[in-house]
*Asks:* 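One structure follows; several queries about it will come next.
Just so you know, these numbers come straight off a predicted model, no measurement behind them.
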There are 2 protein chains.
Amino acid sequence: MPERPGVRDVLHQSALLNKLEAHALEELASACRMEPAEKGETIWLSGKHTDYFGVVGVGFVKMVKTVETGQDLTHEIMGPGQVFGLMGTVDGCGCPLEARAVTGTWYVRVPKADFLKVYGSSHELKDVLIRRASVRLHVAHDMISRLSTGSVSNRVGAVLQILAGDYGHETAEGVEIRIPLRRQDIAELAGTTVESTIRVLSKWQKEGKIRSGTQSIVITDLEAMARESRI
Amino acid sequence: MPERPGVRDVLHQSALLNKLEAHALEELASACRMEPAEKGETIWLSGKHTDYFGVVGVGFVKMVKTVETGQDLTHEIMGPGQVFGLMGTVDGCGCPLEARAVTGTWYVRVPKADFLKVYGSSHELKDVLIRRASVRLHVAHDMISRLSTGSVSNRVGAVLQILAGDYGHETAEGVEIRIPLRRQDIAELAGTTVESTIRVLSKWQKEGKIRSGTQSIVITDLEAMARESRI
DNA sequence: CCCTGGTTATGACGCAGGTCATACGATGGG
DNA sequence: CCCATCGTATGACCTGCGTCATAACCAGGG
């Protein structure tokens, strides 16, 4: 389990919440609580109405939808500073996705009521939220395009590209995705099976396009990956 | 070609724009222009920056993404009173989708600049927009789930359910979708091929679950359709 | 040290559905 | 009225990938 961070530090990291005035942020922070989650632990269940939303402090959280047949699919991976479950907060319906810790995680619980007090009158927060929704919609539409017309490798490539863009570190070798994801996790993001994901990644590994360890994946051939993930 | 409606009537129909004060709406209306589009005509191209967004007056418009291979996929069908291309307006990026008329259509061109003047200071408009974005995101995620784990018939069923919910008319026979959609259009919505769509719809027709004419489709067995489209 | 459970890896097999070919029924223009 | 064009319909074929089975590997606990 990583070390427990401070509530204020985490809220400051959020590109959304740090738009708040210092005193408003302070007041909000004093109503929040830092909470741990074990690897694999469910933070909340899909559709469940909670009285808070989350901000990731350290670790990673995935937003999961479980379908009838029991398969899970992950719509998003949230990392440090990212807010999750907020859309459900402001539109009044609960979050339709389950939040589950990918790694040992510390996250801040922000009480909805306290947030809504400052949110309701803030044009800036609303503007940021709309922009984020727009981006997410965009990403979702791209995924739909790839699912309709693309191949499994196309989607796995896109997932790696997105993760690299959001959480990648530039290294001498290439872009490193420092998230301890299993093949299963990647499969859930790409909307396919573990086996297919393994086949694709093994192939790329042999071709020298990526290098994968247990704790990270490095995209060594960025150009090839861009080609693979093109819509 | 249907008869040309009035700009003010159309703007009033919009659940978004009629949130505006009467005088603000009137001012906006005076800056707008009613525009026709033939069946199949492109209103704007994907990614193209226009200085306006649209509100459907009569007819239907589809929001299309064309992929590398030349296949089109439709993310949404917009009907009377619906606003399209607005997300691209408020987030500054252009609309990533092509707008194309499904039928003979009249739509209002609302100049972005005039809209943004009233939008920037309106909490109500922003709230509505966020809610809409939230719903659309939800729908997109459901589609992703179905594309990942469901079958073609599952998706075609979902498309019919959604269209029925948005534009359905209750009749003695069942719910009628009064949009002159070709099998091709439905295929693009469901992310599959015409042939597969035809097979599914023919089968359902034989089983008495739907009845399809050239100008409309009637869902006669609502329960069966709900079963087919379940995630 | 071994045992157990989780993860990666690989082969064999089957099928849903994409692709191609063909035909028939509508609709509309000359 | 005929012909051209578009949409619907249906069969035959083929393949990507999901499914199942099996094995190797690795880490942690007793």
Side-chain angles (χ1 to χ4, degrees), chain A residues 1 38-41 67-73 100-104 145-160 179-207 210-217 228, chain B residues 1 38-41 67-73 101-104 145-159 179-207 210-217 228:
Chain A
M1 201 68 176
E38 294 290 334
K39 173 176 169 173
E41 184 181 331
V67 296
E68 268 195 340
T69 53
Q71 297 158 76
D72 285 347
L73 47 138
R100 198 184 302 163
V102 176
T103 64
S145 304
R146 270 186 270 260
L147 280 160
S148 305
T149 68
S151 59
V152 165
S153 56
N154 185 256
R155 267 171 278 143
V156 174
V159 166
L160 293 187
I179 315 177
L181 293 170
R182 297 161 306 150
R183 303 301 187 229
Q184 177 68 44
D185 295 316
I186 297 172
E188 284 172 21
L189 280 161
T192 180
T193 58
V194 211
E195 294 93 328
S196 294
T197 305
I198 287 175
R199 281 183 237 270
V200 169
L201 292 182
S202 306
K203 182 164 152 282
W204 287 347
Q205 176 115 268
K206 279 173 198 149
E207 293 169 0
I210 62 165
R211 197 183 56 71
S212 74
T214 50
Q215 298 299 308
S216 77
I217 294 178
E228 294 284 0
Chain B
M1 201 69 178
E38 294 291 334
K39 174 177 168 173
E41 185 180 330
V67 297
E68 268 195 338
T69 54
Q71 296 157 77
D72 285 346
L73 47 138
V102 177
T103 65
S145 304
R146 269 186 271 259
L147 280 161
S148 305
T149 68
S151 59
V152 165
S153 57
N154 184 256
R155 269 171 278 145
V156 174
V159 165
I179 316 178
L181 293 171
R182 296 162 307 151
R183 304 300 188 231
Q184 176 68 44
D185 295 317
I186 296 173
E188 284 171 20
L189 280 162
T192 180
T193 58
V194 212
E195 294 94 328
S196 294
T197 306
I198 287 175
R199 281 182 237 270
V200 170
L201 292 182
S202 306
K203 182 165 154 282
W204 287 346
Q205 176 115 269
K206 279 173 198 149
E207 293 169 1
I210 62 165
R211 195 183 56 70
S212 73
T214 50
Q215 299 297 307
S216 76
I217 293 178
E228 295 284 0

*Asks:* Kindly say if B/T192 contacts the phosphate of C/dG17, meaning a side-chain N or O under 4.0 Å from OP1 or OP2.
*Replies:*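 No, no such contact exists.
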
*Asks:* CH2 of A/W204 versus C1' of C/dT8: gap in Å, rounded?
*Replies:*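 Nearest whole value for this atom pair: 17 Å.
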
*Asks:* Quick one, B/W204 and B/S212 - any side-chain contact, counting heavy atoms below 4.5 Å?
*Replies:*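 Counting from C-beta outward, B/W204 and B/S212 never come under 4.5 Å.
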
*Asks:* Among C/dA9, C/dG18, D/dT19, find the nucleotide with the atom closest to the side chain of B/T193.
*Replies:*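 Minimum distance to the B/T193 side chain belongs to C/dG18.
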
*Asks:* Whole angstroms only, please: what is the CZ-P distance between B/R183 and D/dT10?
*Replies:*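 Distance check: B/R183 CZ to D/dT10 P gives 11 Å.
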
*Asks:* Given side chains that start at C-beta, do those of A/L160 and A/L201 come closer than 4.5 Å, heavy atoms only?
*Replies:*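 With C-beta onward as the side chain, the pair touches.
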
*Asks:* In this structure, how many angstroms lie between the C1' atom of C/dT7 and the CG atom of A/L201, rounded?
*Replies:*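 Roughly 13 Å, once rounded to whole Å.
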
*Asks:* Verify the contact: side-chain N or O of A/S202 to OP1 or OP2 of C/dT10, cut-off strictly under 4.0 Å; return yes or no.
*Replies:*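 For C/dT10, OP1/OP2 do have a side-chain N/O of A/S202 under 4.0 Å.
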
*Asks:* To the nearest angstrom, how far is B/K39 atom NZ from C/dT27 atom P?
*Replies:*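 About 11 Å, once rounded to whole Å.
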
*Asks:* Can a side chain N or O of B/S196 be found less than 4.0 Å away from OP1 or OP2 on C/dG17?
*Replies:*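 Looking at the OP1 and OP2 atoms of C/dG17, neither is under 4.0 Å from any side-chain N or O of B/S196.
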
*Asks:* What's the closest nucleotide to the B/V152 side chain, out of D/dC17, C/dT8, C/dG18?
*Replies:*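 Between D/dC17, C/dT8, C/dG18, the one nearest the side chain of B/V152 would be C/dG18.
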
*Asks:* Ignoring hydrogens and angles, are the base of C/dG11 and the side chain of A/R199 linked by a donor-acceptor pair under 3.5 Å?
*Replies:*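 Answer yes: a donor N or O sits under 3.5 Å from an acceptor.
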
*Asks:* Please lay out, stage by stage, how A/I186 and A/I217 fare under the test side chain to side chain contact (heavy atoms under 4.5 Å, CB included).
*Replies:* CA-CA 11 Å; A/I186 297 172; A/I217 294 178; 3.6 Å; yes

*Asks:* Between P on C/dG11 and CD on A/E195, what's the gap in Å once rounded to a whole number?
*Replies:*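 These atoms are roughly 14 Å apart.
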
*Asks:* Looking at C/dA16, I'd like to know if its phosphate oxygens (OP1 or OP2) sit under 4.0 Å from a side-chain N or O belonging to B/S151.
*Replies:*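 Looking at the OP1 and OP2 atoms of C/dA16, neither is under 4.0 Å from any side-chain N or O of B/S151.
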
*Asks:* Which nucleotide wins on minimum distance to the side chain of B/I198, given the candidates D/dA9, C/dT19, C/dT10?
*Replies:*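 Nearest to the side chain of B/I198 among the choices is D/dA9.
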
*Asks:* Does B/E38 have more than 12 heavy atoms from other residues, nucleotides or ligands lying within 6.0 Å of its CD?
*Replies:*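 No, the 6.0 Å shell around CD holds no more than 12 heavy atoms from other groups.
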
*Asks:* Tell me which of B/S153 and A/R182 sits closer to the 5' end of DNA chain C, going by the nucleotide each one is nearest to.
*Replies:*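 The 5'-side residue here is A/R182.
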
*Asks:* Looking at B/T197, is its backbone amide N or carbonyl O close enough to the side chain of B/R183 to form a donor-acceptor pair, meaning the two atoms are under 3.5 Å apart?
*Replies:*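 Side chain of B/R183 to backbone of B/T197: no pair is present.
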
*Asks:* Between B/Q205 and B/S148, which is nearer to the 5' end of DNA chain D once each is assigned its nearest nucleotide?
*Replies:*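 In this pair, the answer is B/Q205.
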
*Asks:* Within this structure, what is the CG-to-C1' distance between A/L181 and C/dT7, rounded to whole angstrom?
*Replies:*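 Rounding to the nearest Å, CG of A/L181 and C1' of C/dT7 are 14 Å apart.
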
*Asks:* What is the distance, rounded to the nearest whole Å, between atom CD of A/Q184 and atom C1' of C/dG6?
*Replies:*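 Distance, rounded to whole Å: 12 Å.
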
*Asks:* If I take atom CG in residue A/L147 and atom P in nucleotide D/dG16, what distance separates them, rounded to the nearest angstrom?
*Replies:*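 Result: 18 Å.
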
